[in-house]
Amino acid sequence: MGLEDQAETAGLDFIRSIVATDVASGKHGGAVVTRFPPEPSGHLHIGHAKAICLDFGVAAEHGGRCHLRFDDTNPTREEGEFVEAILRDLRWLGFDWGEYLYYASDYFERLYDYAVELVGRGKAFVCDLSSEEIAARRGTLTEAGTPSPFRERSVEENLDLFARMKAGEFENGERTLRARIDMASPNLVMRDPILYRVHKVPHHRTGEQWCIYPLYDFAHCLSDSVEGITHSLCSLEFVDRRALYDWILDALETPCHPQQIEFARLNLSHTVMSKRVLREIIEAGHVEGWDDPRMPTLSGMRRRGYPPAALRSFCEGVGVAKRANTIEMARLEHSVREELNRTAPRAMAVLDPLRVVIENYPEEDEELEAVNNPEDPSAGTRRVPFSRELFIERADFMEDPPKKFFRLAPGREVRLRYAYFITCEEVVKDAEGHVVELRCRYDPATRGGDAPDGRKVKGTLHWVSQRHAVRAEVRLYETLFEVEDPMDVPEGGHFLDHLNPDSLRRLEDCALEPALAAAEVGSRWQFERQGYFCLDGRSTPEAPVWNRSVTLRDSWAKVSGKRKG
RNA sequence: UGGGGCGUCGCCAAAUGGUAAGGCAGCGGCCUUUGGAGCCGCCAUUUGUAGGUUCGAGUCCUACCGCCCCAGCCA
């Protein structure tokens, strides 16, 4: 390689290094064409997001393109409904495939022709063995398989039989088309793999047109080649299949031979990525569906209020390598906070209201000015109504506070954010001794939150005027599972045993500041001192529902948690 | 025990034979009209283990150990 061909690869992940090197050396004519190939059999999840960011990212970095191709070769699992969901999620995540939208099913005719060509070259045969018989002859990890008795059929007979498979003369499972490779291969994938099977099932796009369908191994490499893909990126469990990918492309006359490169898929702690498992959780009724805010799906995260930019930055941040990995949930939450801190307007909301009466405050209301986003001056300010009767957070008052509790307590003075200093004069309790109301006094000189005499208070509380409050339901979420690895199940146990019983907590009677009445569905806000919240997609103006996306980092929780031991 | 992939801080991850980046988490501190944000500091004498080559090894060689994937007519 000449000096001029050398690519600068320092700091790049191993895939980007390969691609940069290929581009520099003029391989594939310097082009970069990737593809994202989802199977429409479920919703996209955060693990897919990593692949999406990689596929589209690598292409964009070289002025190339990324195709979106639905890998819809198995009509028994796939549905058009999922195609729509995937399209929606991809757009939401912020990616654009332009005109390059494809379906593997678009290639059925062409793939059939390739299969015929393979048969003609003596490299594939029609096998009459049943599924069980094929399995029995596959051999084991340490023993070679035994060839099918149909392996030596003539090209003519194979051609005839394959045509009859296509014509519908055989029932499901009666015949398969198999590659003629090596039943003794140490790589199980190469032991005469099945290329086509009979599935008399309507397809979501081709309807009843076909009753034979290609398998992944046959359809994928050829689809890549037909589309002129240069780098076919996939996850590590496909490493063994690369031999077959290459074998098929070498066995046929194809437009090009893309390079398959495998990387480690993303795993997230406290959740699962398996579609099968997610489906099981849904079907058992433990969540509302694919878009439940506790799900690791893109639709779930959207509903939860995670911004797409946060997901992208998370995916870029975790990197690309070949080592099995489990990213801590805390890291995802970090990305979400980082984005929302910059962009979310602030508001005040009292989730667990405790009534406060300011005894020396007049009957007339007033409006105070509040900053919309201290991180973004252009977000401006708003007016918040203040009155004699307020709500504060129940957790912001303690009758007998511990040492480091800086909030309200009998005789203590605190600041009400953007409003006044107040002092608690009296605690009103009900018959059972529960605190039901606080009687306080305010200092009119502290309007806006500063004392002209320079005295300081340690605590600042959020509040909402009772009369002006918007009532709403707020849903607090925790991780779906209470353990890091839900699939690590003890003997006789089940992963559902690890479900977190507190993953959803509904607070039905929260009090929000009036500005929140005008919030748009899907909009993301910071409720000051508490976290980031998103107005649920199924919310109505009459019955607003807010989802907590993530809490604010809470150093008091840490201190109080330590106290409890 | 066949084949393949992988072992660098609790979790990710750089380092391309020249003397272990960075992020997350954690821990101290500063600041604060969000106990938020921000800021400062601490956090691998050592890269799974043992040998070897080399002036020099996370990088090269040998052996061992551990983890993950593969026996769907799923993708």
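To find a chain, count down the sequence lines: A is the first, B the second, and so on, and within it residues start at 1.
Listed nucleotides B:A75, B:G35, B:C69 differ in distance to A:Arg77; the shortest reach to its side chain belongs to B:A75. Set against B:G35, B:G36, B:G23, the side chain of A:Phe406 has B:G35 as its closest nucleotide. In the set B:C24, B:A75, B:C70, B:C70 carries the atom at the smallest distance from any side-chain atom of A:Leu188. Side chain of A:Pro186, nearest nucleotide from B:C69, B:G3, B:G5: B:G3. Distance from the side chain of A:Arg529 is smallest for B:U34 among the nucleotides B:C24, B:G5, B:U34. When each of B:A75, B:C73, B:U34 is scored by its nearest atom to the side-chain atoms of A:Gln526, the top-ranked nucleotide is B:U34. In the set B:C12, B:G35, B:G5, the nucleotide with an atom closest to the side chain of A:Val318 is B:C12. Between B:G10, B:G26, B:A75, one nucleotide has an atom nearer to the side chain of A:Glu328 than all others, and that is B:G10. Considering only the side chain of A:Leu141, B:G2 comes nearest among B:G2, B:A14, B:A75. When distances run from any side-chain atom of A:Trp556 to the nucleotides B:G35, B:G2, B:C24, the shortest one goes to B:G35.
Applying the 4.0 Å criterion to OP1 and OP2 of B:C12, one finds that A:Asn325 has every side-chain N and O outside that range. Distances shown here put every side-chain N or O of A:His462 at or beyond 4.0 Å from the OP1 or OP2 atom of B:G36. Contact between the side-chain N/O atoms of A:Arg553 and the OP1/OP2 oxygens of B:A37 is found at a separation under 4.0 Å. Close to B:U32, at under 4.0 Å from its OP1 or OP2, lies no side-chain N or O of A:Thr460. Taking 4.0 angstrom as the limit, A:Lys322 places a side-chain polar atom (N or O) nearer than this to OP1 or OP2 of B:C6. Note on A:Arg323: every side-chain N or O is 4.0 Å or more away from OP1 and OP2 of B:U47. A sub-4.0 Å separation between OP1 or OP2 of B:U32 and a side-chain N or O of A:Lys458 is absent.
Nucleotides B:G5 and B:C43, compared at atom C1', are 32 Å apart to the nearest Å. Using P as the reference atom, B:U8 and B:A14 are 11 Å apart when rounded to the nearest Å. With C1' as the reference atom, B:G26 and B:C12 are 15 Å apart, rounded to whole Å. The gap from the C1' atom of B:A20 to that of B:A13 amounts to 12 Å, rounded to the nearest Å. With both ends at atom C1', the span from B:A50 to B:G7 equals 16 Å, rounded to whole Å.
Taking both residues in full, the closest heavy atoms of A:Arg524 and A:Ala344 are given as O-CB, 3.7 Å, listed atom of the first, atom of the second, then distance. Contact between A:Leu266 and A:Asn325 at its shortest, heavy atoms only, is CA-OD1, 3.9 Å.
For A:Tyr420 and A:Phe386, the distance between ring centers is under 6.0 angstrom. Checked against a 6.0 Å centroid threshold, the rings of A:Trp546 and A:Phe527 count as neighbours. For A:His67 and A:Tyr102, the gap between ring centers is short of 6.0 Å. Checked against the 6.0 Å centroid threshold, A:Phe162 and A:Phe170 do not count as a close aromatic pair. A:Tyr213 and A:Phe108 have their aromatic ring centers within a separation under 6.0 angstrom.
Checked for salt-bridge contact, A:Asp224 and A:Arg69 meet the test: a charged N lies under 4.0 Å from a carboxylate O. Comment: A:Arg276 engages A:Glu280 in a salt bridge, judged by a side-chain N to carboxylate O separation of less than 4.0 angstrom.
Within a heavy-atom distance below 4.0 Å of RNA chain B, the residues of residues 371-386 of chain A found are A:Pro374, A:Glu375. Within residues 340-348 of chain A, the residues that place at least one heavy atom under 4.0 Å from RNA chain B are, in residue-number order, A:Asn341, A:Arg346.
Residue A:Gly173 is in base contact, counting any heavy-atom pair closer than 4.0 Å across all strands shown. Here A:Arg138 lies in heavy-atom contact (under 4.0 Å) with sugar-phosphate atoms only. Counting non-hydrogen atoms under 4.0 angstrom, A:Arg191 reaches nothing in the nucleic acid. In this structure, A:Thr73 reaches the sugar-phosphate backbone alone: every heavy-atom distance under 4.0 Å involves primed, P, OP1 or OP2 atoms, never a base. Across all strands, A:Asp240 comes closer than 4.0 Å to base atoms (heavy-atom distances).
Counting only Watson-Crick and G-U wobble pairs whose two key distances fall under 3.5 Å, RNA chain B forms stems of three or more stacked pairs at B:2-7 with B:65-70, B:10-12 with B:22-24, B:26-30 with B:38-42, B:48-52 with B:60-64.
Residues A:Ser131 and A:Ala10 both approach RNA chain B. Their nearest nucleotides, taken by heavy-atom distance, put A:Ala10 toward the 5′ side.
Taking atom CD on A:Glu338 and atom C1' on B:A25, their separation rounds to 15 Å, with Å as the unit. One atom, CE of A:Met273, and another, P of B:C69, lie 16 Å apart when rounded to the nearest Å.
A cation-pi contact, defined as under 6.0 Å to the ring centre and within 45° of the axis, links A:Lys166 to A:Tyr112.
Look at B:G72: its glycosidic torsion is within 90° of 0, and that puts it in the syn range.
For A:Arg331 and B:C12, a side-chain-to-base donor-acceptor distance below 3.5 Å is present, hydrogens and geometry of angles not being considered. For A:Asn187 against B:G4, a side-chain-to-base donor-acceptor contact under 3.5 Å is absent.
The backbone N or O of A:Thr479 lies less than 3.5 Å from no partner atom in the side chain of A:His270, so there is not a single donor-acceptor pair. Between the A:His45 side chain and the A:Ser274 main chain, no donor and acceptor come within less than 3.5 Å of each other. The main-chain N or O of A:Arg138 is found under 3.5 Å from a side-chain atom of A:Arg191 such that the two form a donor-acceptor pair.
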